[in-house]
Participant: 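Take a look at the following structure, please.
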Number of protein chains: 2
Amino acid sequence: MPVTIKDVAREAGVSVSTVSRVLNNSKPVSSEIRARVLAAVNKLNFQPNSLARSLVLKKTRLIGVLVPDIANPFFPVAIAGIEEIANMYGYNILLFNTFGQIEKELQYLNILKEKQVDGIIKMSTQVTEKHEEYFESTSIPMVVTSNCTEREDVPCVVIDDVRAAYDATSYLISLGHKRIGMISGPLDDSAGRDRFLGYQQAMLEHKLNIDFNLLKQGNFKVDSGKKAMEEILRTVAREELPTAIFAANDEMAIGAIGVLLDNGLRVPEDISVMGFDDIFIAPVFRPALTTVKQPIYDIGAVAARKLVKLIEGEKLSETKTVLPYHIIERNSCRRI
Amino acid sequence: MPVTIKDVAREAGVSVSTVSRVLNNSKPVSSEIRARVLAAVNKLNFQPNSLARSLVLKKTRLIGVLVPDIANPFFPVAIAGIEEIANMYGYNILLFNTFGQIEKELQYLNILKEKQVDGIIKMSTQVTEKHEEYFESTSIPMVVTSNCTEREDVPCVVIDDVRAAYDATSYLISLGHKRIGMISGPLDDSAGRDRFLGYQQAMLEHKLNIDFNLLKQGNFKVDSGKKAMEEILRTVAREELPTAIFAANDEMAIGAIGVLLDNGLRVPEDISVMGFDDIFIAPVFRPALTTVKQPIYDIGAVAARKLVKLIEGEKLSETKTVLPYHIIERNSCRRI
DNA sequence: GTGAAAGCGCTAACAG
DNA sequence: CTGTTAGCGCTTTCAC
């Protein structure tokens, strides 16, 4: 039913190869014939079938993107960055939400292979043995973000989460805080683990005691931040409360602040709270969130740029790109 | 290089059609041969090339999704709904960010056609003549959200934005407010237009004056809410200030509240602010946002369900699905 | 410059 | 039940 290259050829009175040539500018075609072909294309409103094209070219101009949780405000921004660059180079995005489930991710990785995507961007979460197998078994270029593996051959774009968390914690310490709690992310997630490591490192290095009662693990969502804070409030005596809380992301920080406020505690007067990411809400939240700003959009954009290079066989100037972060001082932390 | 169905056939000592049959369970195959084929598939780690498959089947199991702005927290949640249902039925998502630009959207629509997607979900923004042409020219099933057209044949899933905005405004009125301003969305966006209409309707019906100085247009982003509020503050005398502001979405409401707070005005004591959408931040924001809750995830899920039905030739029980909304009373609006 | 024909990897008649 | 074969719509040698 749809019009094919054959129809165009017939209409223009030429061969299909000629049509293909003018469509792709792959070989010189006399201007007279070119015009006839173009006219036919227009008249029939022909649109090439990219499946057929891809099948012979072995190129789909498709990039698979795996995110753990698209509803987490971090990822849409990164995806926007990916999309923008990908589009610029003529690639489109096949999106998969893994819910952080490793089996789902593996399953999707297989689908991506079947769909013959030209490349894959895998955002955060862990890299398991199964992944390693996958890396071995396929030659689809892949770049990962927020999580460099030990494998030298898998390019990645990250920030230095450990150092960022170290700096954030040190910032809190420089403000005079000594009892600093942390609401961490899941420890099987690299960002979760690294940020916890950074916190630990800073505490240790400053000879500050880590009170395990002030340590809670969340899942990067608002609710888990709430729960963590509630638990701290419930289990820790008033006078033992931390003077500062470092949350592994802004969402959890916001959840924690809500609970604090609801319990008549003031932020930052009674307790300082520091976030991580600097999502859109951080500057407008009250108190405006003191946080670690990640170049979220750029993470996506750089990953996409890297992947495109990889796909097109260019050399990467560096396989691991570390992007800068900044501590943004706002109003949720105070000097004591 | 990659292993094809031919390789499997050779390995198993059967014909390609037999391999195809066991892979698709399309025809009975003796269990002995089936086992041999499966063994070969495993041994060679064969993965069918879905391009070739799609080319002959004329079915890609791909759904194109067009969103105006993936960074707007509304859409990721809707996308999650789409993804979940689509996946359940074996479809994957091709994502496009249109930035609200109509030409970009049209361009993407063409790409989707070339990519032979089985269906399209188009979220919000307008439906122009060009779109109409597109609808005419293609037979790809499409469902639109947040924006029903006059075309009876294009299924959609929406909430009644006019009535929701009407109810929201009436709610404010019922609280005793008379000077109610509005920060609307772009009027060429259906949600923007309808919500403004609903506001207008409620005001008129309650014989309340609409002060044009209290009307500002934003673009659904936090910053535009800020700007709108700043402008109102700058141009309107203190004693003429509205007692309530209705923002066309939560982001703008949050932006507005920030400006109010920064200017020493209290929310809701001095000015009430009502939002729309109930994005994740609404309940945790301070003051917790009084808003109109849309079933965001469901909008995506229902749209996807509808589209799948359409693709698979099932009858739709209704072409237009109107989902319920609810006014959520929290702390950003007060009775005066 | 242009056309004929092979083939990308798979499915689905059509025979047997 | 199983194999042979003809395409799906396109690109690309290879001749002319």
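This is a predicted model, so every value here is computed, not measured. Chain identifiers are assigned alphabetically (A, B, ...) following the order of the sequence lines, protein sequences preceding nucleic acid strands; residue numbering begins at 1 within each chain.
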Participant: Mind calculating the distance between CG (B/Asn24) and P (C/dT11) to the nearest angstrom?
Facilitator: 5 Å

Participant: I'd like to know if A/Lys122 pairs up with A/Glu105 as an ion pair, taking the criterion as any Lys NZ or Arg NE/NH1/NH2 lying under 4.0 Å from an Asp or Glu carboxylate oxygen.
Facilitator: yes

Participant: What is the distance, rounded to the nearest whole Å, between atom CZ of A/Arg21 and atom P of C/dA4?
Facilitator: 11 Å

Participant: State whether the distance check finds a donor on one side and an acceptor on the other, under 3.5 Å, for side chain A/Arg34 versus base C/dG1.
Facilitator: no

Participant: Want to settle it: does B/Ile33 or A/Ser26 sit nearer the 5' end of DNA chain D, counting the closest nucleotide to each?
Facilitator: B/Ile33

Participant: Taking only Lys NZ, Arg NE, NH1 and NH2, and the carboxylate oxygens of Asp or Glu, determine whether A/Arg193 and A/Asp188 approach each other closer than 4.0 Å.
Facilitator: no

Participant: Which one of A/Arg61, A/Arg305, A/Lys306 satisfies the salt bridge (Lys or Arg N to Asp or Glu O under 4.0 Å) criterion with A/Glu312?
Facilitator: A/Arg61

Participant: So what does B/Leu57 hit on the nucleic acid, given a heavy-atom distance under 4.0 Å: a base, only sugar-phosphate, or nothing?
Facilitator: sugar-phosphate

Participant: State plainly whether the residues B/Lys221 and B/Asp69 are in salt-bridge range, i.e. N to O under 4.0 Å.
Facilitator: yes

Participant: List in chain and number order the residues that pass side chain to side chain contact (heavy atoms under 4.5 Å, CB included) with A/Leu44, two or more places apart in sequence or in another chain; answer none if no residue qualifies.
Facilitator: A/Val3, A/Asp7, A/Val8, A/Glu11

Participant: Take the protein atom CZ of A/Arg53 and the nucleotide atom C1' of D/dC8, then report the distance between them rounded to whole Å.
Facilitator: 17 Å

Participant: Tell me: CG of A/Leu51 to C1' of C/dT11, nearest whole Å?
Facilitator: 14 Å

Participant: Just checking A/Ser20: base, sugar-phosphate only, or nothing, at a heavy-atom cut-off of under 4.0 Å?
Facilitator: base

Participant: Write down the protein N/O and nucleotide N/O pairs, taken from nucleotides 5-7 of chain D, whose separation is under 3.5 Å; answer none if there are no such pairs.
Facilitator:
none

Participant: Give the rounded distance in Å between these two atoms: CG of B/Leu55 and P of C/dC8.
Facilitator: 13 Å

